[in-house]
Amino acid sequence: MVKEREFYKTLFKIALPVAFQSFLSVGVNMLDNIMVGYFSPEELSGVAMANQLTVFISFFIRGINGSSSLMISQYWGKGDMESIKKLFAIIVKFCFKVIFCVTAVLFLFPRGALRIFTDNGDIITYGSMFLKIVCISYLFQTLSDGLAAMLRSVEIVNITIVLTSVSFVTNLTLNYALIFGHFGFPAMGVRGAAIATVIARAAELSVALYFVLKIEKKVHFRIKDIFKKDKLLTKDFHKYGLPALIGDLQWGLIGTVRGMVIGRCGTEMMSANSITETVMSLAFAFTTGLSNAACIVTGKSIGESADGNYKKTKEYSNTIQILFSAAGFVMAATFFGARGLFASFYRGMTPEIRALAKTLLGIGAVSIAGTAYHASCFTGINRGAGDTKFVFKVDMVCGWLIVVPSMLLARFVFHLPLPVIFFTTRIDQYFKWIIALIRLRGDKWIKNVTRELKVENGELREDAV
């Protein structure tokens with residue numbers, strides 16, 4: 001265990017605000033589920049199916065922000081602020097273009113998108129009402145999350161609490177008003193939930209822009225910086241950042257396949273799975289914060305090691321792994337013990353749905369210990385160290401050669417019980433921690449992705465690699 005007080009101060013200075021942000025961010029979606037869950041299983045399932053696409057978009061945004069963090073944090077260790085601004089401009093423009101196209105498709109063809117998951121007409125109707133509106137929030141989320149990721153990478157983290165608090169409070173208030181019809185508003189049901197989410201994300205982005213453009217002085221980012229270009233840094237983003245993006249994106253695709261399988265298991269399973277997935281997301285709020293902190297601390301230590309001696313990086317890695325393990329076991333025990341309480345929150349559901357959700361939560365809780373360790377290592381230590389290609393390969397093999405075949409066989413070939421089908425959707429979480437542990441024993445995972453750059457005529461030029 002590292003004994004440097006400054007290490008723990010930096011780690012938790014980043015981890016705790018990001019954990020709180022993750023907790024509230026999940027809470028925004030959870031509010032939609034719980035409040036809509038007061039109506040009917042079909043409405044809850046419709047929102048849940050639409051949120052499958054929201055999760056897919058979130059994986060894409062998370063992958064972009066992950067690639068941003070791994071590169072910016074290493075340049076932060078070198079103190080190269082000009083490269084940081086250029087990298088952010090490159091990454092956020094790429095992300096926004098993609099999300100704009102996706103949003104346009106979902107806005108125009110919401111019913112067609114939801115038919116991927118289910119053929120139940122009522123669920124598609126409710127889901128399309130929600131999706132057609134909520135997809136607009138993806139544009140706001142892309143920009144606000146991108147700004148937050150850049151700030152986290154240079155150790156400005158307290159603003160993330162403000163951003164997510166604004167989004168959470170706005171969504172909570174407007175959900176209450178628009179879903180049920182309070183404060184003089186009409187009761188709009190699932191449409192009200194979607195409108196509340198859009199307004200909440202817009203408010204979050206407004207605060208983020210005001211902070212970055214008017215208050216923050218460390219990066220000193222300005223609107224004109226978004227138009228900056230650089231061929232070398234773009235090349236590096238493609239080399240190191242895209243594997244992180246594609247890795248997260250393919251898990252989004254696997255989540256889509258999971259949604260298709262669950263969607264063919266009936267309304268009861270869809271509702272119980274919606275409850276389970278939402279609650280499970282809460283379990284990883286602290287882990288998300290710790291992995292973000294690990295990514296930044298690891299990347300910064302590599303950027304600071306101009307002599308190529310990464311002893312400190314390895315010591316940091318060992319300590320963070322111990323913290324991951326401890327957090328995983330605590331969360332697994334907590335959520336297993338509280339699974340009945342979580343299921344009871346959904347009062348509009350039938351006793352059968354709540355009982356199934358309790359069973360699924362038990363299965364998911366057991367996997368948390370392994371997930372907290374390997375996911376945090378892969379998205380934290382490995383990503384911060386530039387080891388994105390290895391993580392990409394592991395995710396591809398585990399996802400497409402193990403998880404997807406297991407789900408399809410369990411549901412469509414062997415017609416196994418619903419809890420067993422759910423188990424197959426998480427089967428990789430029980431062994432991937434072994435791969436992460438072995439990988440971090442050596443030093444092949446440490447890769448310095450920065451360049452020695454100099455400015456010529458306003459353009460960054462490569463001096464030495």
Side-chain angles (χ1 to χ4, degrees), residues 28-58 99 101-139 141 171 174-182 185-201 252-253 255-278 345-350 352-354 356-357 411-412 418 421:
V28 170
N29 290 333
M30 192 172 186
L31 285 174
D32 292 340
N33 278 17
I34 291 178
M35 291 190 179
V36 173
Y38 273 84
F39 293 98
S40 70
E42 287 75 20
E43 287 172 279
L44 175 61
S45 297
V47 172
M49 290 296 101
N51 275 333
Q52 286 286 340
L53 293 168
T54 301
V55 169
F56 178 75
I57 298 299
S58 296
I99 296 300
C101 294
V102 172
T103 298
V105 171
L106 295 179
F107 181 81
L108 295 172
F109 309 105
R111 296 183 69 89
L114 290 172
R115 286 194 182 95
I116 297 173
F117 303 105
T118 182
D119 53 6
N120 185 304
D122 291 337
I123 292 175
I124 290 175
T125 297
Y126 287 120
S128 63
M129 291 179 188
F130 183 82
L131 182 60
K132 188 177 181 67
I133 299 171
V134 83
C135 67
I136 299 171
S137 71
Y138 302 159
L139 299 171
Q141 182 182 354
N171 196 57
L174 292 178
N175 265 349
Y176 181 73
L178 299 178
I179 294 176
F180 301 109
H182 296 290
F185 290 95
M188 302 174 68
V190 296
R191 286 194 180 94
I195 293 171
T197 300
V198 172
I199 296 175
R201 292 298 187 187
L253 289 172
T256 303
V257 176
R258 180 187 295 117
M260 293 168 59
V261 172
I262 297 297
R264 267 68 181 181
C265 293
T267 303
E268 182 177 296
M269 179 61 171
M270 283 190 284
S271 298
N273 180 73
S274 174
I275 296 170
T276 303
E277 293 295 339
T278 303
F345 290 157
Y346 293 79
R347 297 179 182 178
M349 299 298 101
T350 64
E352 291 77 16
I353 290 176
R354 291 199 296 270
L356 179 58
R411 172 63 185 93
F412 299 111
L418 297 179
I421 295 173

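Note that the structure is a prediction, hence the values are computed from the model and not measured.
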Note: Cys265 and Ile421 closest approach over all heavy atoms is SG-CD1, 4.1 Å
Go through the structure and list residues passing side-chain contact (heavy atoms from CB on, under 4.5 Å) with Ala357, not counting sequence neighbours.
-> Ala272, Ile275, Thr276, Ala343
Sequence-distant partners of Arg111, side-chain contact (heavy atoms from CB on, under 4.5 Å), two or more places apart | Arg115, Ile124, Thr125, Ser128
Rounded to the nearest 0.5 Å, how far does CG of Leu106 lie from CG of Leu53?
-> 6.0 Å
Can you list the residues that meet the side-chain contact (heavy atoms from CB on, under 4.5 Å) rule with Phe412, with sequence neighbours excluded?
-> Val261, Arg264, Leu408
Closest approach of Gly263 to Met270 (non-hydrogen atoms, all atoms of both residues) | CA-SD, 3.6 Å
List for me each residue that meets side chain to side chain donor-acceptor pair (under 3.5 Å) alongside Glu43, sequence neighbours excluded, and say none if there are none.
-> Ser40
Just by distance, do the side chain of Lys132 and the backbone of Pro110 share a donor-acceptor pair under 3.5 Å?
-> no
Name all residues meeting the side-chain contact (heavy atoms from CB on, under 4.5 Å) criterion together with Ile199; count only those two or more places apart in sequence or in a different chain, and write none if there are none.
-> Thr170, Leu174, Ile195
Between CD1 on residue Ile262 and OG on residue Ser274, distance to nearest 0.5 Å | 11.0 Å
Give a yes or no on whether the backbone of Ala200 and the side-chain of Asn171 come within a donor-acceptor separation of less than 3.5 Å.
-> no
With Tyr126, which residues qualify under side chain to side chain donor-acceptor pair (under 3.5 Å), at least two apart?
-> none
